[in-house]
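One-based numbering along the sequence shown. As the structure lists them, so they are numbered: ligands from 1, and atoms in each ligand from 1.
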Amino acid sequence: MSQRLKTKTKPKLDFGTAWDYSPAPDSTPIEIASKYKLFINGKFVAAKSRQSFDSINPATDEVLAKVSQANAADVDDAVNAARKALPAWKKLPASERAKYLFRIARRLQERAREFSILETMDGGKPIKESRDFDIPEAAKHFFYYAGWADKLEYASPGQVGKPVGVCGQIIPWNFPLLMAAWKIAPALACGNTVVLKPAETTSLTALRLAEIFQEVGLPDGVVNIITGDGRTGAALAEHKGISKLAFTGSTAVGKQLAKVTAGTGKKLSLELGGKSANIIFADASIDQAVEGIISAIYFNQGHVCCAGSRLFVQESVYEEVLEKLEIRLRSLRIGDPLDKNTDIGAVNSPEQLKTINAYIAQAKKEGAKCHQLKRKLPSKGNWCVPTWFSGVQPAHTIAREEVFGPVLAVMSFRTPEEAIQRANNSAYGLAAGVWTDKGGKILEIASKLEAGVVWCNTYNQFDASSPFGGYKESGFGREGGRQGLLEYLDFGGAR
Ligand code: NAP
Ligand code: MG
């Protein structure tokens, strides 16, 4: 079956604007190939392993496609293709490299509708999120780094970096295309070549991105996409032919990869988990803060590394915030992710649902009070209603460990000092939110929070020009912005 798709709705030309999602879900004219091959050296090729696995729609349990399982020999082919492509790609005038990135960005915009639907079907997220966030943001990253390709001398003033070489990139399933863009765009802008491994449950948009690479004539081997499970990722990480490993995923796997790459000379960046604090002061606009709490934890079913999963509310407004939160949550729509009015889609996989449910059970067992929206859920697929716990103690598992689902731990505090101390009392340090009416308080608190990103009176705002990354067990290295380039340039140890 052809992988191409005719878009019925003419894409708007303005940068990053969403198209109008008008057709009814059942008339959605998207075609998905029944079997996907690996993308190596500019071509879709059968896996040497001859093995495949199913990519499943988590909202319906339907098998969308068979995806190839790359083994060590396939990984070897992909790395060799990237090595072969490297000399010509890095010698290409930077302005020419930029043109490829611009073309990729434009094609992504033009095919945005198709990519959004596929992302939603494969991963379970609401179509309004893929349409308004994932796909436009992915395109923006290619535009942004296209602009940098011929200005790299400004990435690290006073020093000229060289491309690192072949980059192995491993990404998770929560923002599949966007994570691919975060990784591929800066790597290519800097003159590197890439082997990317998407997550097992959400490989389809990365493979479709490979079609765009073919469409724009990206030289063979500059980007290779190998699908598979953790074994494929491990083979890539261990491969001697890569000079850099960029990993986004769990802290547990990140720690393993730090060991695997130690002493090999490979450059490493780790974007790992989080347990981010969202702090609401009594002087905040409470209605606005309630919207922020919801977006912080329930966006993408809570499958967000920087999710505001620990909510700290100042004691005097604690009851008011919880009351308003519950009322507002009642208006959320849960169900068919392809329905443009859906707010909460499907949990990405049965395994992740099991993990989430185990955390909910554990929190109850440890004595926290469970609140859940009462909803009739679809009979098929993986579903979890928005859940929040009150009566949470700092020692409770729900206050410490990442759930990666729509589960919020609510706690109260009295003073700003206590809020800072409790927010920082975490193994993680990815993000934080601060809600207050007082500008001076924002700066003071933000400067004391151990978090890579601090949002003030908002949450989950991203921009290609803003660096993103963590402290502590949330990893190291930054993605996005000028800092994102530094991960893909070699300064000969001088930086
Ligand atoms: P994961 O289990 O660590 O998997 C991430 C990727 O690594 C997947 O492609 C996975 O393949 C692969 N992998 C698994 N075992 C591996 C191994 N031993 N060696 C090499 N690769 C291996 O994480 P996840 O469950 O997909 O994603 C959720 C986690 O990612 C959360 O902790 C979240 O906070 C974090 N995350 C962080 C950021 C950030 O920017 N800081 C952004 C998004 C997500 P399979 O899919 O086949 O298992
Ligand atoms: Mg899937």
Side-chain angles (χ1 to χ4, degrees), residues 32 53-65 67 69-70 75 118-125 168-176 178-180 182-183 196-206 225-239 245-261 269-276 300 302-307 309 337 345-352 355-356 381-382 401-405 428-431 451-453 462 467-480 484:
I32 301 173
F53 56 91
D54 292 338
S55 206
I56 291 168
N57 180 336
T60 61
D61 297 335
E62 169 201 9
V63 175
L64 294 173
V67 177
Q69 165 75 37
V75 172
L118 187 61
E119 197 74 306
T120 281
M121 290 176 80
D122 201 17
K125 65 175 67 206
Q169 305 182 323
I170 302 176
I171 55 173
W173 42 260
N174 55 345
F175 296 97
L178 183 56
M179 291 294 118
W182 275 26
K183 298 246 177 306
L196 176 97
K197 191 203 93 66
E200 203 182 334
T201 57
T202 53
S203 304
L204 299 186
T205 46
I225 298 187
I226 46 162
T227 47
D229 56 19
R231 291 169 297 174
T232 313
L236 178 59
E238 284 161 23
H239 201 288
L245 180 66
F247 174 79
T248 298
S250 61
T251 295
V253 174
K255 284 180 180 178
Q256 279 179 39
L257 295 178
K259 285 185 193 150
V260 166
T261 51
S269 51
L270 297 175
E271 300 283 351
L272 308 176
K275 190 77 193 176
S276 299
N300 195 21
H303 302 330
V304 181
C305 51
C306 50
S309 52
V347 166
N348 184 265
S349 66
E351 294 74 30
Q352 188 58 28
T355 304
I356 295 169
N382 322 309
E401 295 187 16
E402 184 184 43
V403 177
F404 220 55
Y428 295 110
L430 195 52
V453 182
F462 299 90
F468 183 86
Y471 290 109
K472 303 195 272 189
E473 292 193 22
S474 293
F476 51 80
R478 293 290 179 266
E479 289 192 303

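- Contacts of Ile171 with ligand 1, taken as heavy-atom pairs under 4.0 Å, involve the backbone alone.
- Side-chain contact between Leu178 and Phe462 is absent, with no heavy-atom pair separated by less than 4.5 Å.
- With a 4.0 Å heavy-atom cut-off, ligand 1 is reached by no atom of Ala252.
- For the pair Thr205 (side chain) and Glu119 (backbone), a donor-acceptor distance under 3.5 Å is absent.
- Counting protein heavy atoms only, atom 43 (C) of ligand 1 is closest to Asn174 ND2, 3.2 Å.
- Taking atom 25 (O) of ligand 1 as the reference point, the nearest protein heavy-atom neighbour is Trp173 NE1, 3.2 Å.
- Remark: minimum distance from atom 21 (N) of ligand 1 to any protein heavy atom is reached at Gly233 CA, 3.5 Å.
- Here the protein heavy atom with the shortest distance to atom 34 (O) of ligand 1 is Glu402 OE2, 2.6 Å.
- Put simply, the side chain of His303 reaches to within 4.5 Å of the side chain of Val347, judged on heavy atoms.
- The N/O atoms of Thr251, backbone and side chain alike, include none that comes under 3.5 Å of an N/O atom in ligand 1.
- Heavy-atom minimum distance, Gly123 versus Thr202: CA-CG2, 3.9 Å.
- Contact annotation: Met121 places no N, O or S atom under 2.8 Å from the Mg ion (ligand 2).
- Aromatic ring centres of Phe175 and Trp182: separated by at least 6.0 Å.
- Geometrically, ligand 1 and Lys197 share a nitrogen or oxygen pair separated by less than 3.5 Å.
- Looking at Gln352 against ligand 1, nothing comes within 4.0 Å, counting heavy atoms.
- Nearest heavy atoms, Asp122 versus Ser55: OD1-OG, 2.8 Å.
- Checking only distances, Cys305 never comes within under 3.5 Å of ligand 1, N or O to N or O.
- Scanning the protein for heavy atoms near atom 33 (C) of ligand 1, the closest one is Phe404 CE1, 3.2 Å.
- Side-chain atoms of Thr227 never come within 3.5 Å of backbone atoms of Gln69 as a donor-acceptor pair (strictly under, hydrogens ignored).
- Not one N or O of Ser474 is nearer than 3.5 Å to an N or O of ligand 1, by distance alone.
- Phe247 has its side chain within reach of Val253: a pair of non-hydrogen atoms, C-beta onward, lies under 4.5 Å apart.
- Residues Ile171 and Pro176 are not in side-chain contact: their nearest non-hydrogen atoms beyond the backbone lie 4.5 Å or more apart.
- Residue contacts with ligand 1 for Asp229 involve both N, CA, C or O and side-chain atoms from C-beta outward (heavy atoms, distance under 4.0 Å).
- The residue Phe175 has no part lying near ligand 1, judged by heavy-atom distances below 4.0 Å.
- When side chains are defined from C-beta on, Glu473 does not count as touching Leu272, because their heavy atoms never get closer than 4.5 Å.
- Residue contacts with ligand 1 do not include Cys306, since none of its heavy atoms lies under 4.0 Å from the ligand.
- Residue Thr248 has no N or O atom closer than 3.5 Å to an N or O atom of ligand 1.
- Across all their heavy atoms, Ser474 and Gly429 have their closest contact at OG-N, 2.9 Å.
- Lys197 places no side-chain N or O within donor-acceptor distance of the main-chain N or O of Gly230, the cut-off being under 3.5 Å.
- Taking both residues in full, the closest heavy atoms of Ile32 and Leu64 are given as CG2-O, 3.7 Å, listed atom of the first, atom of the second, then distance.
- Residue Ile56 counts as close to the Mg ion (ligand 2), with an N, O or S atom under 2.8 Å.
- Of the heavy atoms in Val253, only side-chain atoms (C-beta onward) come closer than 4.0 Å to ligand 1.
- Distances between N or O atoms of Ser250 and those of ligand 1 include at least one value under 3.5 Å.
- Look at Gly469 and you'll find every heavy atom at least 4.0 Å from all atoms of ligand 1.
- With a 4.0 Å heavy-atom cut-off, ligand 1 is reached by the backbone of Leu272 but not by any atom from C-beta on.
- Contact annotation for atom 4 (O) of ligand 1: protein absent (non-hydrogen atoms, distance under 4.0 Å).
- Of the protein's non-hydrogen atoms, Gly230 CA, 3.6 Å is the one closest to atom 15 (N) of ligand 1.
- If you look at Gln256 next to ligand 1, the close heavy atoms, those under 4.0 Å, all belong to the side chain.
- If you check which protein heavy atom lies closest to atom 12 (C) of ligand 1, you get Ile170 CG2, 3.7 Å.
- Put simply, the side chain of Pro172 reaches to within 4.5 Å of the side chain of Met179, judged on heavy atoms.
- Side-chain contact between Asn382 and Gln352: absent, with no pair of heavy atoms (C-beta onward) separated by less than 4.5 Å.
- With a 4.0 Å heavy-atom cut-off, ligand 1 is reached by the backbone of Pro172 and by its side chain too.
- Residue contacts with ligand 1 leave out Val260, since none of its heavy atoms falls under 4.0 Å from the ligand.
- Here atom 35 (C) of ligand 1 lies nearest to Gly249 when heavy atoms of Ala235, Pro176, Gly249, Pro198 are compared.
- By the 4.5 Å heavy-atom criterion applied to side chains, Glu479 and Thr248 are counted as neighbours.
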